[in-house]
Amino acid sequence: MEKEYNSSLVEERIYSFWESQGFFTGNPSHPERFSMVLPPPNITGPLHMGHALPYTLPDIVARRMRMMGKSVMWLPGIDHAGIATQMVVERELLSKGIKREEIGRERFIEEVLKWKEQCRETILKQLKRLGCSLDWTRERFTMDEGLSRAVRKVFVTLFKEGLIYRGFYLVNWCPRCGTALSDLEVIHKETNGYLYYIKYPIKNEESFIVVATTRPETMLGDTAVAVHPQDERYRNFLGKFAILPIVNREIPIIADEVVEKEFGTGAVKVTPADDPTDFKIAERHNLPFINIFDTKGRLNSNAGNEFAGLDRYEGRERVIEKLKGLGLLERVENYSYSLGHCQRCGTTVEPYLSWQWFVKMKPLAEEGIRVVKEKRVELIPSFWEKTYMEWMENIHDWCISRQIWWGHKIPVWYCLKCNEVISEMEKPEKCPKCGSEELKEEKDVLDTWFSSALWPFSTLGWPEETEDLKAFYPTDLMVTGFDIIFFWVARMIMMGMKFMGDIPFRKVFINGLIRDEHGQKMSKSRGNVIDFMEMIEKYGADALRFTLASLAVPGMDVSLSEKRIAGYKAFANKVWNASRFVLLNYRGESLSIKEDELSIPDRWIRSRLQKAIREVNEALDEFKFYEASEKIYHFIWDEFCDWYIEFVKEDLKRRNISSLSNLLFTLDKILRLLHPFMPFITEEIWQKLPHVSGSITVAPYPLPELELIDDEIEKKVEKMMELVKAIRKLRAENLFPPSSFVDVSVRILNEDKAIFLENVPYIKNLSRVKELNFVDELPSVEEGLRLISTDFEIAVTTPPPKKEISEKRRKEMEKIEKEINSIIQKISNPGFMEKAPEEVREKLKNRLNELQILKEKLSEGK
RNA sequence: GGGCGGUUAGCUCAGCGGUAGAGCACUGGUCUUACACGCCGGGGGUCAGAGGUUCAAAUCCUCUACCGCCCACCA
């Protein structure tokens, strides 16, 4: 074994080995199954650090489950990511001087498919480098033929049930992407702008009604002015008409409840075709809808010849100028308001009146609410339930049509003769109503999340009743980010209930955002992005995985620093070297343990190991990855390496086979315990252990053997550790070099003298003591060479190399007195002795006793 | 306007009713034959603030202040 662990020489080779052995292939007929589906990454580019967390955590779970004897099926795949991918490819083509419109829909799709293949390869490679134990025999893509059939099946079914409908409504429209968006795809940002006060002359009168607006250009589409019905100021305006400036259209002054009296002037211009509130007012009052924009966000001919073709912002300038000229712009105020932006390209969205397809969500949401309320689907951490419920209970219909090219075509045809709308899985021959063969195909595609919502069952073969579907649905766990709870998690639950009649997953672990070392969001503009492949190359996938696990507190964001990753690379190296030590000391003996040959440290580490195993399993059962990783880390580094290996060196001098066996068996357990977190290095080392064969990926995961826990031994060893630490402390304080040996006298103060006497070789070895004398009376030495504990008193009798008078004693005394006082205060509280449990009282009393002895001894020493 | 998180050592975070913890950073010693990605020591916190509950509160309750996020049709 090399002196240093080099992950780059190991990881890729090991993954290929696993893959070739088929360890990750799920078996649907296995009696115990565990299944998950990977949240499919978008094919918009390579994976980034944001993926590393939700892909590492389920792998830890998957690997543990596999080691627990289950047949694990973790299904990988990628998402076509409609708008996002179309945008990326468009940009890519544009850099080569090619415009999407020039090459047409078909050729553009070809280009996207090429891109997809390239992207897929990168992503697959990255997932493998991360070590994800995915079932590659079941890889899927949201636009596969099978999944596309599922999409059509769902659409047609919902359409026939009336849960999908087509309507002419005001939707969020991105003028850059040229498509409708769902409410969720609109990001609201606080924006600094202006509030314009515009005077609308009253017909046949000399007076005005003043309206306030942030969008003066939309006045070109106004069809009313509204005031609150109870607003005294405007009572006698009701029923009159205003003359819309510039356009000179007569528009009614109406009363509607939604108008806020306090805002602006209390009178609001109504633009039904450009504002959701106005849209509803118009519906209530039968106002006309005048659409003044085109699909690019430019004013159209409805806005008047003077404005047609102008961009909305140019239009605004022009309208303001005109109003100024007419003397109708009363005033302008600074005003900050919330503006919607396209999630993908950041363009300000424009409400746009158009024909779109919608899913009626209320009926679907009912089941989605029920299964979470009943805890059939458990959100972890549970505080997300409230957010989920609130959204589900106030759910709006979902606009699912997109006017883009890349996506699942909506399976609808229109009869050109009788206008019948036909939705079928495949193109119909003729109109079922009038028999005409003149059918026009729907050009729109579906929202990418429509297919994502089906992912847990469409990937398993639905609508066919496949063996996989029966075996692996519902899945056991979903790990994903909070940012897609509404987009994805909620919709998967609703669709799962609707089409499978069952939940898509039993548990959803909601991970936080990956941030930089100062808790800042990672972004290219901040320049604080940590590249995850670079980290893998530099520190190894194991180190990265362990880092992520150690930071994964349910529901909390994760602040990642390169130093932390480097720290766990050191940990991997530590594991490597500890293993190297063990293997260096193994000389082919046949291993076995004779109980009576085991040393005290052997029995101690065995007991400690069981506790570590128990704690790690318990933490993992509760998805406390951080706790599990911390327990393993400290067990391996502090207890196994820093203490046990040092102890066992003594036993190895005597070639105690039971101790050697115990050492090897402990290492084996440690590697298996660690494997889900650090799969590569543990496999690499495990293969080198004697008496093992196969792969650690399918070796049993350690479970605690509680009968091996021995609290007595643990206490004993703790005492000898204390003595070792005391001697080390005196050595350090007196600047004895670590390589030197000292002589020490010890006076034991309690009855457990035997513990110390029995373990002299270990104590001497760990504290680098040459002569350890047990005495009844300590020889006189300089003050700094003595130390008193509750169990013993020691003196270093070797003269120190340098004189360094320790001022620490006084501080120590102060500390002790402070603690004594706090305990006395507690005990003298009458309520305490009465109400505190026996256990706590005993503990405090004992502690007080100890402290008082210490205090006495310490002051004696002065 | 509602709601949800957070505020603990210089930094990033655990702990969530019984004597303040980790990693990193800092600091003293050291290449003691697994490991200098190491070993052995050390320093460092009135747990955001104010009330309350309790024998006991970083931990439970109430309020306040800041930070972050989500939802919402005051144009």
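Throughout, a chain's letter reflects where its sequence line sits, starting with A, and its residues are numbered from 1.
Among the heavy atoms of the strands lying under 4.0 Å from Asp642(A) are primed sugar atoms or P, OP1, OP2 only; no base atom is included. Contacts of Glu646(A) with the nucleic acid, taken as non-hydrogen atoms under 4.0 Å apart, include base atoms. When heavy atoms are screened at a 4.0 angstrom cut-off, Lys631(A) is found touching no nucleic acid atom at all. Among the atoms of the strands shown, none is found under 4.0 Å from any heavy atom of Leu513(A).
Under the Watson-Crick or G-U wobble criterion, with both distances below 3.5 Å, U53(B) is left unpaired in every strand shown. The partner of C11(B), taking Watson-Crick or G-U wobble pairs whose two distances both stay under 3.5 Å, is G23(B).
With P as the reference atom, G21(B) and G42(B) are 14 Å apart, rounded to whole Å. For the P atoms, the distance from C47(B) to G41(B) is 29 Å, rounded to whole Å. Rounded to whole Å, the separation between the C1' atoms of G17(B) and G10(B) comes to 30 Å. Between the C1' atoms of U7(B) and C11(B), the separation comes to 15 Å (whole Å).
With RNA chain B read from its 5' end, the first of the two nearest nucleotides for Phe736(A) and Glu630(A) is the one closest to Glu630(A). Place Ala570(A) and Val553(A) on RNA chain B by their nearest nucleotides, and Val553(A) ends up nearer the 5' end.
Nearest nucleotide to the Lys563(A) side chain, out of C35(B), G18(B), A25(B): A25(B). Counting only heavy atoms from C-beta on, Ala836(A) has its side chain closest to G18(B) among G38(B), A22(B), G18(B).
Looking at Lys574(A), its side chain has no donor and acceptor atom pair within 3.5 Å of the base of C37(B). Side chain Glu834(A) to base C55(B): no donor-acceptor pair is found below 3.5 Å.
Partners of Trp488(A) according to the side-chain hydrogen bond (donor to acceptor under 3.5 Å, both in side chains) rule, which considers only residues two or more places apart in sequence or in another chain, do not exist here. Partners of Val258(A) by side chain to side chain contact (heavy atoms under 4.5 Å, CB included), not counting sequence neighbours, listed by chain and number: Asp256(A), Thr277(A), Ile281(A), Arg284(A). Residues passing the side chain to side chain contact (heavy atoms under 4.5 Å, CB included) test with Thr798(A), sequence neighbours excluded: Phe736(A), Val742(A), Asp743(A), Val796(A).
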Checklist entry - Which letters describe nucleotides 6-12 of chain B, given B = protein heavy atom under 4.0 Å from base, S = only from sugar-phosphate, - = neither? => result ------S

Item to check | Protein-to-nucleotide contact annotation, 5' to 3' order, nucleotides 65-75 of chain B [B base; S sugar-phosphate only; - none; under 4.0 Å, heavy atom] | outcome: ---S----BBB

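Side-chain atoms of Asn394(A) come within 3.5 Å of backbone N or O of Glu390(A) as a donor-acceptor pair. Side chain of Arg526(A) to main chain of Lys521(A): a donor-acceptor pair is present (N/O by atom type, distance under 3.5 Å, no hydrogens or angles). No donor-acceptor pair closer than 3.5 Å links the side chain of Tyr200(A) to the backbone N or O of Ile251(A).
Between Trp576(A) and Tyr5(A), the two ring planes are tilted [angle within 30° to 60°].
Residue pairs meeting the salt bridge (Lys or Arg N to Asp or Glu O under 4.0 Å) criterion with at least one partner in residues 540-554 of chain A, sequence neighbours excluded, are Asp59(A)-Arg545(A).
Taking each heavy atom of Arg731(A) and Pro737(A) in turn, the nearest pair found is NH2-O, 2.8 Å.
At the phosphate of A14(B), neither OP1 nor OP2 sits under 4.0 Å from any side-chain N or O atom of Lys624(A). The side chain of Lys386(A) contributes an N or O atom lying less than 4.0 Å from OP1 or OP2 of C4(B).
Cation-pi geometry between Lys688(A) and Tyr586(A) is not met at under 6.0 angstrom from the ring centre and within 45 degrees of the axis.
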